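Data block below; observations after.
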Amino acid sequence: MSSLLENFAYARPTSFEQLNDIIAECQKNNSHFAFSAGGTNLIPRLKTQSLKIDKMISLKGLQGLNVIKKQDDRIIIGALTSLNDVVTSALIQEYLPALAAAAHKVASPQIRNCATIGGNIMVDNRCIYIDQSSLNRKCHDPCFKADGDVCHLVKSVKKGDDILCQARFVSDTAPVLLLLSAKITIVGPHGCRKIDLSDLYLKDGISSRNLQAGEIITQLDVPIIKDCHIYYEKLAIRNALDFPSLGVAVKLTNGDLSVALTGLNTHPGIFMGKLADYENFDEMRADICAQAMRFAKSYQQDFFPRAYRKSMIPVFITRGIAAIQKGDRQ
Amino acid sequence: MNLLKLNINGQDYVKAAPPSMTLLDFLREELSLTGTKNGCNSGECGCCSVMIDGKPMLSCIMLAVEAEGREIITIEGIADGNDLHPVQEAMVELGAIQCGYCTPAMVINGVHLLENNDNPTDNEVKECISATVCRCTGYTSIEKAMHHAADKIRKRNHG
Amino acid sequence: MVDLTKGYPDKGYKIIGKPVPLIDSRAKVMGQALYTDDIRLHNPLTIKILRSPHPSANIHAIDVSAALKLKGVKGVLTGADFKNTFGVLTISKDEPAIARDVVRYEGEPVAAVAAETEEIALEALKLIKVDYELTEGVFDSKTALKPTDRPLHPELGKENNLHKKVVQEFGDREKGFAEADVVVEKRFRFASINHGFTEPHATQVEIDNKGNITVYSATQVPHYLHMAMAEVLEIPQHNIRVVKPHLGGGFGGKSDPFPHEMIAAKFALELGRNVKIKFSREEVFFSHHGRHQTDLTMKLGFSKEKGITAIDLDTLIDGGAYGSFGIVTTYYNGVLLQGPYKVPNFRFHVNRLYTNKPMCGAMRGHGGVNPRFASEVLLDMACAEVGLDPAETRLKMIHKENTLTTNEFRVTSVGLQNGLKEAIRRTKWSERHGKLPFGKGIGVACGFFISGSALPIHWNKLPASTVRMTIDHDGGVTVYSGATDIGQGSDTMLAQMAAEVLGQPLGNIKIISADTRITPVDLGSYSSRVTFMAGNASRNAAIRMRKLLVEASCVLLDIDPPVYDKPKAPDNYFRQGGRKPDFEQGFLGANPDYADGFTFEDGLIRCDSRNVSVTYLEAVEKALECDGILQTSGTYRAPKLGGNFKGAGAGLSPSYSFTAFIVEVTVDPETGFIKVDKATCAHDCGFPLNPLAVNGQIEGCIHMGLGQALMEEMVYDNGATQNPSFLEYKIPSAFEQPEVDIVPTYSDDSEGPFGAKEAGEGILAPIIPAIANAVYDAVGIRLTQLPMRPDRVLTALAKEAKEAQKKEPAHE
């Protein structure tokens with residue numbers, strides 16, 4: 001039962017050198033480790049024993065990762081900034097209000113005090129069959145994500161297939177950041193790199209993040225785009241705690257429409273339209289909707305039935321557009 | 001097994017505890033500070049709320065070792081001796097306590113809200129208690145109590 | 001602050017009828033109240049239960065040898081260690097403490113370990129080897145009805161998985177439907193609901209060196225636990241003491257004796273050590289005992305002149321693996337439709353089935369909630385078809401006071417009519433119903449419920465509740481009662497009784513409750529019996545105490561003691577309370593009139609006619625002189641009620657509560673989301689002993705009813721619980737709670753203590769159909785499946801649109 005955590009060692013490096021040393025040691029000893037930022041995603045997973053580790057490496061001791069600042073026409077957000085700090089930051093409310101709004105919809109106030117923006121863009125993919133206690137998982141044969149050889153959502157999947165797992169993407173903040181063309185800085189034992197956020201996400205529900213062993217995200221680099229308006233809407237039966245059954249971020253920039261989706265595939269979807277490529281706005285909207293609908297893969301792994309979640313995509317897109325056109329501030 | 005030093009309600013406690021022990025278990029099992037409750041042990045009911053550096057967080061999904069070096073306030077540290085905090089007074093007066101199991105968490109979250117914002121909107125009050133499950137009251141009386149507590153705190157702050 | 005007494009009659013009481021914070025509020029708000037898992041016994045062992053991952057299996061072998069060898073493990077129990085099965089109902093004792101040979105639900109205990117630490121116990125569980133043979137399970141009612149050669153409970157000798165069948169018929173159905181102006185019929189389906197209390201089950205057992213155990217447990221029924229445990233463990237009852245610490249919510253989910261309680265007690269006895277066990281949230285869901293999943297078909301006949309002419313009901317309730325309160329649930333699924341309106345011709349047929357799922361049992365509103373939804377929705381439909389206003393129609397149909405229902409329930413006080421009238425006025429019902437813009441709706445529904453069952457579960461002649469009362473030398477009053485405070489405030493209610501009768505401030509009353517070594521028997525907190533029954537018992541104990549003090553005062557004042565009028569015969573069958581107590585025969589009856597010509601007030605006991613007084617303390621001292629102890633007891637016994645037919649006892653109660661809800665909703669026709677904006681409630685609980693507490697119950701019932709209406713459902717996948725967590729089982733948050741307006745509603749009940757009736761359960765049922773009826777008013781759809789999820793709303797809207805299209809006349 002998910003009561004006590006299984007034992008693991010704990011380290012809290014205060015510098016990147018220390019961090020790399022610890023990672024090197026773990027790799028040498030074949031010691032399975034995990035990074036912890038707020039811990040609000042990691043610790044529940046450890047309790048269900050859907051993840052087992054020998055060592056937890058806390059990132060909280062690293063300096064400089066909990067910061068929000070404006071640098072010319074960009075907002076730099078340290079990956080360890082708490083979600084609530086993102087919500088209440090004057091800078092983010094002024095320049096990236098949709099991000100503040102999306103962050104505000106994550107989980108609960110208590111969790112947002114602890115959980116980080118880096119943690120939210122990295123939050124584990126979820127599925128009703130893996131997010132159970134170790135006992136309850138025994139009711140079914142272990143699925144691929146549990147080191148088994150079956151997918152209970154898609155029975156036809158076999159070992160060796162390209163995509164084994166349909167555990168779905170559930171970050172609320174990622175759709176907004178993707179529409180803002182955010183970049184992330186990744187630091188690891190082999191150095192530093194900066195990539196588009198969209199390149200972080202892979203298509204399989206198991207190894208769903210494009211990170212090498214030992215790499216961490218240190219900051220988000222978000223451009224301030226002129227005349228850019230984003231509206232994020234989340235589908236959840238309650239206004240507290242729930243993960244998005246669907247999340248739709250809509251962006252209008254000088255008449256161009258873009259949409260990003262969370263909750264209905266193993267990775268977020270981004271669909272960008274240029275008005276110039278269409279007869280009119282409605283045609284662009286219809287095409288973006290169709291793209292999003294084609295992208296969305298809905299399985300019976302949520303409170304809402306699969307068809308319903310998908311059917312809300314055009315509704316949310318239309319509402320997002322209307323909200324922006326009306327000047328509704330999130 | 002490490003020696004942990006935690007500052008709880010203004011007092012330093014030193015105890016041996018494995019890194020995998022949650023703050024909730026440390027409070028309840030090592031120190032018998034049983035005011036903080038275990039409702040689900042998974043961060044989903046809010047009953048384990050404690051104040052860490054002035055902010056409510058869930059102690060059941062936080063390691064005790066992660067709370068080192070921080071200021072921890074539990075329900076036992078809210079009243080001043082026998083003098084209840086205005087949030088506590090208001091909850092008693094307005095009948096916002098039935099079985100009482102969620103009450104410590106409601107108090108922690110309410111104290112945080114009102115000590116930082118003594119004139120909250122309805123929505124801000126709802127949000128403050130939104131992720132602490134209360135099955136008895138339906139939240140109605142708790143919200144009234146928070147507004148009543150806000151009145152008391154405004155009077156205290158502004159005379 | 002709002003004056004909560006406004007709107008209720010002023011009866012001149014000092015503490016009854018006043019808004020009183022619960023007497024343990026301070027302890028709770030400071031985090032000092034001790035719940036079961038907060039107790040710290042000396043060096044306890046920790047118990048962990050190994051649970052079956054399979055919903056249906058045979059256990060061929062179980063090897064605990066490796067677990068026993070683990071350092072720190074003190075004992076392991078399996079099914080072979082328990083001979084007797086148990087159950088809360090004597091007629092349904094079908095549950096073993098640990099599964100023996102057969103597993104009937106996922107999560108069922110198959111072994112248990114007691115170890116020095118939780119860590120060791122968990123490690124030991126991993127070492128227990130169970131050889132399961134998976135068997136085909138039964139997962140729904142329809143399948144459970146089919147013949148099988150392997151029923152879950154072969155001891156019942158049935159060919160299928162039917163647990164209980166109840167058919168009752170009154171009047172003449174055919175005639176009733178024939179008389180109707182309109183007959184409406186629909187099929188309804190209800191998901192299983194979990195209580196969702198925040199405190200998981202927990203038990204600690206303390207053992208002394210003579211083998212006596214004290215069982216601290218989160219239980220609503222210490223008395224039933226006490227008896228069941230003695231039977232299961234085969235030890236004398238007097239070696240067991242059951243104590244209920246503070247309890248974090250029950251709602252019926254802690255109103256059975258449980259396997260983990262038996263396991264804990266057995267470990268303590270066998271190992272001679274204190275032990276403790278607490279459930280994870282997931283284990284709470286495996287334990288369940290929640291509201292039954294239900295499929296029902298109801299047909300209702302309605303006449304403009306006569307009201308409801310007939311109801312016919314066919315129901316399947318899915319009981320899960322064991323019986324629990326299920327037999328009672330089966331009856332309540334029918335009989336509770338005998339109110340709040342007269343139903344002259346009535347038949348119900350309810351089957352309870354066993355399936356390989358966590359068992360269902362009693363949950364707030366017990367068996368009355370789902371059929372209430374059906375009948376109130378059908379009533380609304382009938383009104384719509386004949387063009388009658390559904391609120392005014394209900395107003396006319398509510399039972400008049402002092403009436404017998406068709407199945408011979410004795411309805412005494414009814415005050416709902418005034419409350420509903422006022423609710424209609426406040427919500428501007430007539431201007432709004434049927435007239436709001438599309439997407440906005442207002443709906444109404446009514447309900448009724450028992451104030452405790454008149455007949456006990458365990459057939460004996462004991463009073464339903466007994467209270468003992470003592471007074472200390474300093475005048476402090478102690479009330480001893482088995483009544484179980486589960487957060488509803490029964491301790492406070494008991495104290496209010498004593499305070500009022502003896503003219504004492506509430507702080508002078510101490511309560512000792514729910515401790516079987518010290519407190520007399522109360523049957524427990526279920527079926528909304530405590531205020532009516534334990535309240536009466538406490539009041540009677542206080543009245544006897546008052547008499548002793550009056551007599552002592554008269555000695556001190558050197559005046560003649562009052563002559564107590566002989567009690568007259570009851571006014572009639574419907575008014576048996578409120579009579580003078582018969583001190584001579586020692587029979588006080590229910591809610592007796594204790595006016596004795598004295599006033600207890602401000603520390604004095606004054607003879608009104610002579611205007612002379614002594615102090616309360618002087619009287620106490622004088623009264624103590626005689627026996628050295630000031631001790632009285634009070635009891636409550638339900639009157640003889642009910643008809644002579646089989647099953648007549650189910651639903652019999654000394655008094656019934658009545659409730660009306662008017663609910664306002666907004667429906668988003670694009671997403672299907674239903675937002676309940678406002679709930680206006682009129683609840684006739686006779687007279688509110690504590691309006692603060694009554695309002696709290698109303699608000700809590702709204703929350704719980706709303707949850708079942710909109711989002712709560714247990715989801716099972718071939719017997720596996722899919723959502724055993726607070727994340728996936730959707731209990732509404734503060735954002736979903738509507739604005740609440742409570743209409744003070746009252747009636748004159750002669751038998752409730754100070755006129756009080758129940759205010760714990762009956763309130764819940766009608767809010768759900770009121771929401772459904774409001775949704776119909778808003779967007780024209782009748783939802784017949786709970787929860788009314790957004791996708792179901794959209795499906796119904798689409799269907800309705802299609803039907804409307806078909807009906808449209810062809811255009812040129």
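Naming: A, B, ... by sequence-line order, numbering from 1 per chain. Computed from a prediction, not measured in an experiment: that's the story for all the values here. As a basis for the values below, the full set of heavy atoms in this structure was taken, side chains included, without hydrogen atoms, waters or symmetry mates.
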- Value for CZ (A/R12) from CD (B/E68), rounded to nearest 0.5 Å, stands at 8.5 Å

- Message: If I measure from the heavy atoms of chain A, does B/I108 come under 4.5 Å with its side chain, its backbone, both, or neither?
- Response: neither

- Considering residues, nucleotides and ligands other than B/N116, do more than 12 of their heavy atoms fall under 6.0 Å from its CG? yes

- Message: At a heavy-atom distance under 4.5 Å, which candidate from B/G69, B/C60, B/S20 has the highest pair count against chain A?
- Response: B/S20

- Item | Side chain proximity check, B/K55 to A/D85, heavy atoms < 4.5 angstrom | yes

- Task: Would you mind checking which part of A/S36 comes under 4.5 Å of any heavy atom in chain B, side chain (CB onward), backbone (N, CA, C, O), both or neither?
- Result: side chain

- Message: With rounding to the nearest 0.5 angstrom, report the CZ to CD distance, A/R112 to B/E127.
- Response: 5.0 Å

- Non-hydrogen atoms of B/G43 and A/I111 that approach each other most closely: O-CD1, 3.7 Å

- Task: Please examine the side chains of A/S108 and B/S130, heavy atoms only from C-beta on, and report whether any two atoms are closer than 4.5 Å.
- Result: no

- Query: If you measure from CG on A/L5 to CE on B/M21, what distance do you get to the nearest 0.5 Å?
  - Reply: 10.5 Å

- Supply the atom-to-atom distance A/L4 CG to B/E29 CD, rounded to the nearest 0.5 angstrom. 9.0 Å

- Task: Tell me, for B/S49 versus chain A, whether the close heavy atoms (under 4.5 Å) come from the side chain, the backbone, both or neither.
- Result: side chain

- Message: Do A/Q110 and B/T132 make a side-chain contact, defined as non-hydrogen atoms from C-beta onward lying under 4.5 Å apart?
- Response: yes

- In sequence, state the C-alpha distance, the side-chain angles, and the governing distance for A/M56 and B/L63, and then conclude on side-chain contact (heavy atoms from CB on, under 4.5 Å). CA-CA 11 Å; A/M56 183 185 294; B/L63 301 181; 3.5 Å; yes

- Should A/C114 and B/M62 count as side-chain neighbours, where that means a heavy-atom distance under 4.5 Å? yes

- Under 4.5 Å from any heavy atom of chain B - which part of A/R238: neither

- Query: Mind checking whether B/I52 and A/N113 have side chains closer than 4.5 Å, heavy atoms only?
  - Reply: no

- Message: Heavy-atom pairs under 4.5 Å with chain B: which of A/N84, A/L241, A/L46 has the most?
- Response: A/L241

- Under 3.5 Å, is there a donor-acceptor pair between the side chain of A/K47 and the main chain of B/N41? yes

- Item | Under 4.5 Å from any heavy atom of chain A - which part of B/N38 | neither

